[in-house]
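What you are looking at is a predicted structure, and each value in this text was computed from that prediction instead of being measured.
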Amino acid sequence: MIQFQGTRQEFGEYYGLRLREFHHDFFHHTNKDTLRRQLRLYEKFYPELVAEKNAAAAILHQDPQYLLYEDLASPIDAQRRRVNPHQHGCTIFAIRENGKVFVGRNYDWLPEAREFFERYDIAIKDSNRYFAFSDESVWGRHTGRRSRKIYAEDAINEYGLYIGLTASKIDKWNYGLTPSHLIRYIAEHCKTTRQALNIFAKVPCAIPKNFLIADATGNLAVVEHSSRSYEIIRPDKSGILVHTNHCLSPKFQHIDHVYEHNPRSDTFLRYQEANYLIREQMPKFQFTDLWRILRKSHYVYNNDTIWSLALELTEQRFNVYYDTATGQKHTKFSF
């Protein structure tokens, strides 16, 4: 686990030194037009992140444009070229039941990437403290490069606000914050789901993703983002919200290429199985019921998925299950 407490400048320096320690493959080229457009947006909406990357570049004696391009702009060029169209099998769900709020998450990271898995405990001055979870986008089969860059796929902050993403199969792109940076921004600045949704209303997202958001009061939402527009999905009266890798909104279903990417995708099976297993435990859903869904399912869990997250936001009970391909290990964490 990575633990950090300090200023934004210090975090940028820490980040830069960590890249060097792990022999990061630094970029030595930029698409100047993409970087220029992205910098304009980041300086408007997330200037703290620009300062963070500049601090990293300074301590590394690197030209800052290369670090800025890598983190802020290169994901757009990759999306535009449709590189790395690897398969995805992540499932995420939230449950509002009996005055409590539960979140379960299975990651689709494969066993070969186990050494890159990270849990971050980050407390940057003047921002909310949060835990984030990532495989750092570093596994060679994903990127073709050696890297230790931070790539948050989930975050839970000190106010009990959770946000996590699942992959989308919409082939669009836009100028805006990358999905990982949106997650960090919301974790650092928001306390509630309502505040997080207000961020999506004003901050552009560069790459299509599905974001599940839940807070300690039980306000649940999924944002299906096409990069050009988004739709909000709410739970039904049962208080259950599930998302996998296909679009639920009718508005986006005609541009969802999930079956073109993988004709054997199990996204619909995972969605239905998670719904079924959750409803089977209702009413009086308990924290321990998350384990049954995350680990004793047939499609939500698969032998290649080795990390899972189980959260209860109201009383802040947090578990992460790890390396489950070799055993049922877990650890608790808290603020």
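Of all heavy-atom pairs between Gly164 and Asp154, the closest is CA-OD2, 3.7 Å. Scanning all heavy atoms of the two residues, the minimum distance from Ile92 to Leu165 falls at CD1-N, 4.5 Å. Between Leu290 and Ala310, the shortest heavy-atom contact is CD1-CB, 3.8 Å. Closest approach of Ala167 and Asn245 over heavy atoms only: O-ND2, 3.1 Å. Shortest non-hydrogen contact noted between Thr178 and Leu72 is CG2-O, 4.2 Å. For the pair Asn174 and Ser227, the tightest heavy-atom approach, listed with the atom from each and the gap, is ND2-O, 2.9 Å.
Partners of His189 by ring-ring contact (aromatic ring centres under 6.0 Å, His included), not counting sequence neighbours, listed by chain and number: Tyr185. Scanning for ring-ring contact (aromatic ring centres under 6.0 Å, His included) contacts around Tyr15 gives an empty result, with sequence neighbours left out. In this structure Gln272 satisfies the side-chain contact (heavy atoms from CB on, under 4.5 Å) test with no other residue, sequence neighbours excluded. With sequence neighbours excluded, no residue forms a salt bridge (charged side-chain N to carboxylate O under 4.0 Å, His left out) with Arg40. A search for ring-ring contact (aromatic ring centres under 6.0 Å, His included) contacts involving Tyr42 returns His181, not counting sequence neighbours. Legend: residues meeting side-chain hydrogen bond (donor to acceptor under 3.5 Å, both in side chains) with Arg264, ordered by chain and number and at least two apart, are absent. Qualifying ring-ring contact (aromatic ring centres under 6.0 Å, His included) partners for His29, counting only residues two or more places apart in sequence or in other chains: Phe27, Tyr69. For Arg194, there are no side-chain hydrogen bond (donor to acceptor under 3.5 Å, both in side chains) partners, not counting sequence neighbours. The salt bridge (charged side-chain N to carboxylate O under 4.0 Å, His left out) search around Glu43 returns none, not counting sequence neighbours.
Between Arg37 and Asp33, at least one side-chain N (NZ, or NE/NH1/NH2) sits under 4.0 Å from a carboxylate O, which counts as a salt bridge. Salt bridge annotation for Asp289-Lys100: absent, with no cationic side-chain nitrogen under 4.0 angstrom from a carboxylate oxygen. In this structure, Glu280 does not pair ionically with Arg292, as no charged nitrogen and carboxylate oxygen lie closer than 4.0 Å.
Side-chain N/O atoms of Arg234 and Asn219 include a donor and acceptor closer than 3.5 Å. A side-chain donor-acceptor contact under 3.5 Å links Asp215 and Thr217. Using modelled atom types, one finds a donor on one side chain and an acceptor on the other under 3.5 Å when comparing Asn210 with Thr166. Side chains of Arg270 and Thr91: a donor-acceptor N/O pair is present below 3.5 angstrom, by distance only.
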Passes side-chain contact (heavy atoms from CB on, under 4.5 Å), Ile2 versus Arg18? Steps please. CA-CA 11 Å; Ile2 294 173; Arg18 191 167 183 273; 3.1 Å; yes
Given side-chain contact (heavy atoms from CB on, under 4.5 Å), test Ile293 with Phe102 step by step and report yes or no. CA-CA 12 Å; Ile293 301 162; Phe102 304 93; over 6 Å; no
Determine, stepwise, if the pair Lys251 / Ser229 fulfils side-chain contact (heavy atoms from CB on, under 4.5 Å). CA-CA 10 Å; Lys251 177 181 176 179; Ser229 63; 3.4 Å; yes
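At most 12 heavy atoms of other shown residues, nucleotides or ligands fall within 6.0 angstrom of atom OH in Tyr276.
Relative orientation of the Tyr14 and Phe4 rings is tilted, given thresholds of 30° and 60° on the angle between their planes.
Taken together through direct or relayed side-chain contacts under 4.5 Å among Ile, Leu, Val, Met, Phe, Trp and Tyr, Ile163 and Phe45 form part of one hydrophobic cluster. Residues Phe93 and Trp307 share a hydrophobic cluster, clusters being chains of Ile/Leu/Val/Met/Phe/Trp/Tyr side chains in contact below 4.5 Å. Placement of Tyr271 and Leu220 within a single hydrophobic cluster is found when ILVMFWY residues are connected by side-chain heavy-atom separations under 4.5 Å, directly or transitively. Taking hydrophobic clusters as Ile, Leu, Val, Met, Phe, Trp and Tyr residues chained together by side-chain heavy-atom distances below 4.5 Å, Tyr175 shares a cluster with Leu39. Val222 and Ile170 are assigned to two separate hydrophobic clusters, defined by single-linkage of ILVMFWY side chains at heavy-atom distances under 4.5 Å.
From Thr30, atom OG1 reaches atom CZ of Arg36 across 12.0 Å, with rounding to the nearest 0.5 Å.
Ring centroids of Phe318 and Phe131 are separated by 6.0 Å or more, keeping the two rings apart. Centroid-to-centroid, the aromatic rings of Phe200 and Phe211 come within less than 6.0 Å. Residues Phe26 and His24 place their aromatic rings such that the two centres sit under 6.0 Å apart.
Looking only at side-chain heavy atoms (C-beta outward), Glu231 and Leu248 stay at 4.5 Å or farther from each other. The closest side-chain heavy-atom distance from Phe287 to Asn319 is below 4.5 Å.
Taking a 4.5 Å side-chain heavy-atom cut-off between Ile, Leu, Val, Met, Phe, Trp and Tyr, the cluster of Tyr299 extends to Leu269.
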Please report, to 0.1 Å, the donor-acceptor pairs under 3.5 Å made by any side chain of residues 60-68, with sequence neighbours excluded.
unit_1: Asp63; atom_1: OD1; unit_2: Gln65; atom_2: N; d: 3.0
unit_1: Asp63; atom_1: OD2; unit_2: Gln65; atom_2: NE2; d: 3.1

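A side chain to side chain contact (heavy atoms under 4.5 Å, CB included) with Ile95 is found for exactly one of Gln281, Met282, Glu312, Arg279, namely Met282. Screening Tyr120, Tyr151, Tyr321, Phe333 for a ring pair (Phe, Tyr, Trp, His ring centres under 6.0 Å) involving Phe133 leaves a single residue, Phe333.
Residues in residues 172-187 take part in these salt bridge (charged side-chain N to carboxylate O under 4.0 Å, His left out) pairs, two or more places apart or across chains: Glu52-Arg184, Arg184-Glu188.
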